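Source: prediction; values computed, not measured. The analysis underlying the following values was restricted to heavy atoms, covering all of them including side chains, and did not include hydrogens, waters or symmetry mates. First listed ligand is number 1; within each ligand, the first listed atom is number 1.
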Amino acid sequence: MRRLTPTVSEPVAVLRKAGVRAQERALQALSTPSLMTLAGLSSAHLALALAPHARRIWVAAGPGNNGGDGLQAACHLHQWGMRVQVSLMGSPEQLPTDARAAWQNALRAGVPIHSSLPHAWLQEMTDQDLCIDALLGIGSDRPPSDVMQDWIEQMNQCAAPILALDVPTGLDADSGQILGGSPTRRHVVHADTTLTLLAAKPGLFMGHGRDVCGNIWLDTLTRAGPANSLVPPADAWLNTAKPNTKKTHASHKGSHGDVAIVGGEPMALHGMGMTGAAVLAAQAALHGGAGRVILSLLGAPAENTLAAPDLMQRPFHRLDLTQLTVVAGCGGGQAIATVLGDILLHSARLVLDADGLNAVAANPDWQALLRSRSETPDQRATVITPHPLEAARLLGSTAQEVQQDRLQAAQALSAQLQCTVILKGSGSVIASPGEPTRINTSGNGRLAIGGTGDVLAGLTGSRLAQGQSAHEAACTAAWQHGNAADHWPSNDALTASRLAERLH
Ligand SMILES: NC(=O)C1=CN([C@@H]2O[C@H](COP(=O)(O)OP(=O)(O)OC[C@H]3O[C@@H](n4cnc5c(N)ncnc54)[C@H](O)[C@@H]3O)[C@@H](O)[C@H]2O)[C@@H](O)CC1
Ligand SMILES: [K+]
């Protein structure tokens, strides 16, 4: 068993439900004792570690094998002297085979099992006690029934913390979306800890998953067999912490790459002042370690007073694109369209964000230009950083469809444009042609403010300029960006400009 959040230190394979089922079948054939026995024991161990002084442990067990895990865990906890009570939803006779065996074990051991909620118990439970959510796991395929919603609500209202087995009930393990539509306390269990079994699932790390799983632990249940060789191809990998790129002593500013930020339409042009976005990206590139950062504001020949003295400023026509890492689009407004063709054609390395992406989405010729960058002899690196709506525009779909399957959306976009994609949002997804897709695990809701996307684009540019491949630059920048937010003092306001300054 290992802890996956808040920080995962080595790559961990992520499987969708179909892959987990394949893994389950393969291991089931090899494993003695049964996987459910292992899952129940593992769950009981974690429950005991989380609530060693519990005077009451309530297990809510559902009608499938997730319920079986809960029954098996209850059996162990009872045998270890804990006061356990199980509420079993549905008829024991209709439980699947393994879960039925777990029910019989629990009965034989003398575990109290009822078919209703133990209201009095729930009232008396304290924060030293524990609720175990074993209602639904990966078999959850529709919004919870009314009765199940009552049970979920009672669990969420209980004073005791919640350990969810495999997946918090109500969460879709593939997408991170809530099966009932919205993350209310009736539709999804809000766990403090989730013990996920067999493999990490994407939905735990994306969308609402980040908010309802609490700390995530993984038990691959592979003690019984030569498991590593059995894992079906991973659908993605968790993005791991990257050490800072060390700079050699014998280096100068030219050794660390030049980044040009092209964007920042001024107020005078179309009545929307957006120079701040470009300045933020430039600051991030600077603090991310680029050797020189050049700010090229669109339609603003005058020196920009917002910019720090460490930044150089150049008009666009004076940039030698063939030698530069260009970060284009941050606050680019409509003006970005006047230079985008040149940027797509000539920039040595490119990060495309915001208005740059919207302009590409509206112009098939530019999409072809973007794609063709991967076919040049020097294979010019390109990273795009869309949020779900920008991704939807490029894919010709909707933001909702993108959120329903963020992995697939990022991979499809990467294949369509032959470039690296950072699909932003809760659980950023990084996809590149021919590379393993990553799900970023750092970051939190404090990043959901204006300007942080510009910071990510600038930071990615600085990583590219310092010699990382597009995929590595995207993975490193996404992780570093989130990590800065994770270590932000709780009593200190997080703003994009301060975030840019704290990247290192
Ligand atoms: N088979 C095994 O040996 C193992 C199973 N495991 C556990 O088994 C789980 C998967 O088991 P299942 O495939 O039985 O699936 P679940 O236990 O997640 O649930 C399936 C059952 O719940 C019902 N259901 C689905 N959505 C519902 C809703 N909204 N409201 C009410 N009822 C609903 C289904 O009709 C079905 O009866 C995993 O998540 C994991 O916890 C693990 O212990 C690994 C080993
Ligand atoms: K569960």
Exercise. For the side chain of T240 and the backbone of E10, is there at least one donor-acceptor N/O pair under 3.5 Å apart?
Worked result: no
Exercise. Distance under 6.0 Å and angle within 45° of the ring axis: does R56 meet both against W121?
Worked result: yes
Exercise. Nearest to atom 18 (O) of ligand 1 by heavy atom, A164, P96, P144, G137: which?
Worked result: G137
Exercise. Just which atoms of ligand 1 are under 4.0 Å from any heavy atom in S140?
Worked result: 18 (O), 25 (C), 26 (N)
Problem set entry | Residue selection (non-hydrogen contact nearest atom 40 (C) of ligand 1) among T196, L95, D69, T169 | D69
Seminar exercise, completed: Under 4.0 Å from one or more heavy atoms of M148, ligand 1 contributes atoms 30 (N), 31 (C), 32 (N)
Problem set entry | Among V167, L179, D146, D166, closest by any non-hydrogen atom to atom 39 (O) of ligand 1 | D166
Exercise. Okay, side chain of H114, backbone of S116: is any donor-acceptor separation there less than 3.5 Å?
Worked result: no
For this session: Have a look at A102, G139, A173 and point out the one with the heavy atom closest to atom 25 (C) of ligand 1.
Result: G139
Exercise. In degrees, rounded to 10 degrees, what angle do V167 atom O and N66 atom OD1 make at the K ion (ligand 2)?
Worked result: 140°
For this session: For the residue pair S42 and D219, confirm or rule out a side-chain donor-acceptor distance under 3.5 Å.
Result: yes
For this session: Kindly identify the option in M36, E24, H187 whose heavy atom sits closest to atom 1 (N) of ligand 1.
Result: E24
Exercise. In the protein, which heavy atom is nearest to atom 11 (O) of ligand 1, and how far is it?
Worked result: N65 CB, 3.2 Å
Exercise. Is there a heavy atom of S34 sitting under 4.0 angstrom from any atom of ligand 1?
Worked result: no
Problem set entry | Main-chain N/O of W479 paired to S442 side chain as donor or acceptor, under 3.5 Å | yes
For this session: Spell out, as yes or no, whether a donor-acceptor pair under 3.5 Å connects the side chain of N65 to the backbone of G68.
Result: no
Exercise. Which pairs count as ring pair (Phe, Tyr, Trp, His ring centres under 6.0 Å) when at least one residue sits in residues 50-102, sequence neighbours excluded?
Worked result: H45-W80, H76-W80
Problem set entry | Check: T441 main-chain N/O paired with R210 side-chain donor or acceptor under 3.5 Å | yes
Exercise. Is T452 reaching over with its side chain to a backbone N or O of L447, donor-acceptor style, under 3.5 angstrom?
Worked result: yes
Exercise. Under a 4.0 Å N-O cut-off, is there an ion pair linking D492 with R502?
Worked result: yes
Problem set entry | Shortest protein contact, atom 28 (C) of ligand 1 (heavy atom only) | L136 CD1, 3.7 Å
Problem set entry | Metal proximity, L165 vs the K ion (ligand 2), N/O/S cut-off 3.4 Å | yes
Exercise. Should you measure from each heavy atom of A39, which atoms of ligand 1 turn up under 4.0 Å away?
Worked result: 43 (O)
Exercise. Does the side chain of D192 pick up a donor-acceptor pair with the side chain of N215 at under 3.5 Å?
Worked result: no
Problem set entry | Residue pairs, two or more places apart or on separate chains, that pass side-chain hydrogen bond (donor to acceptor under 3.5 Å, both in side chains) and touch residues 157-168 | D166-T196, D166-K201
For this session: Report yes or no: does L136 have an N/O/S atom closer than 3.4 Å to the K ion (ligand 2)?
Result: yes
Exercise. Which ligand 1 atoms does D98 reach within 4.0 Å, using its non-hydrogen atoms?
Worked result: 2 (C), 3 (O)
For this session: Provide, to 0.1 Å, the distance between atom 3 (O) of ligand 1 and the closest protein heavy atom, together with that atom's residue and name.
Result: Q28 NE2, 2.9 Å
For this session: Answer side chain, backbone, both or neither: which part of N66 comes under 4.0 Å from ligand 1, heavy atoms only.
Result: both
For this session: Give a yes/no on ligand 1: does L165 have at least one heavy atom closer than 4.0 angstrom to it?
Result: no
Exercise. How about P386 and L413: do any of their side-chain heavy atoms sit closer than 4.5 Å?
Worked result: yes
For this session: Answer yes or no: is there a donor N or O on one side and an acceptor on the other, between the side chain of N156 and the main chain of R185, under 3.5 Å?
Result: yes
Seminar exercise, completed: Atoms of ligand 1 under 4.0 Å from any heavy atom of I138, numbered from 1 in the order shown, are 10 (C), 18 (O), 38 (C), 39 (O)
For this session: Look up atom 7 (C) of ligand 1 and tell me if a protein heavy atom lies less than 4.0 Å from it?
Result: yes
Problem set entry | Under 3.4 Å: N/O/S of D133 next to the K ion (ligand 2) | yes
Exercise. Quick check: does any side chain N or O of S414 sit under 3.5 Å from a backbone N or O of V421, one acting as donor and the other as acceptor?
Worked result: no
Exercise. Among all protein non-hydrogen atoms, which one is nearest to atom 23 (C) of ligand 1, and what is the separation to 0.1 Å?
Worked result: P63 CG, 3.8 Å
For this session: Using a 4.5 Å cut-off on heavy atoms from C-beta on, say whether the side chain of S115 contacts that of L88.
Result: no
Seminar exercise, completed: If you scan protein heavy atoms around atom 33 (C) of ligand 1, the nearest is R142 NH2, 3.4 Å
Seminar exercise, completed: So the atoms of ligand 1 within less than 4.0 Å of a heavy atom of L35 turn out to be 45 (C)
For this session: Around atom 26 (N) of ligand 1, find the nearest protein heavy atom and jot down its residue, atom name and distance.
Result: D141 OD1, 3.4 Å
Problem set entry | Distance filter under 4.0 Å to S145 heavy atoms, resulting ligand 1 atoms | 30 (N)
For this session: Give a yes/no verdict on whether any heavy atom in R21 is under 4.0 Å from an atom of ligand 1.
Result: yes
Problem set entry | Whether P143 lies under 4.0 Å from ligand 1, heavy atom | yes
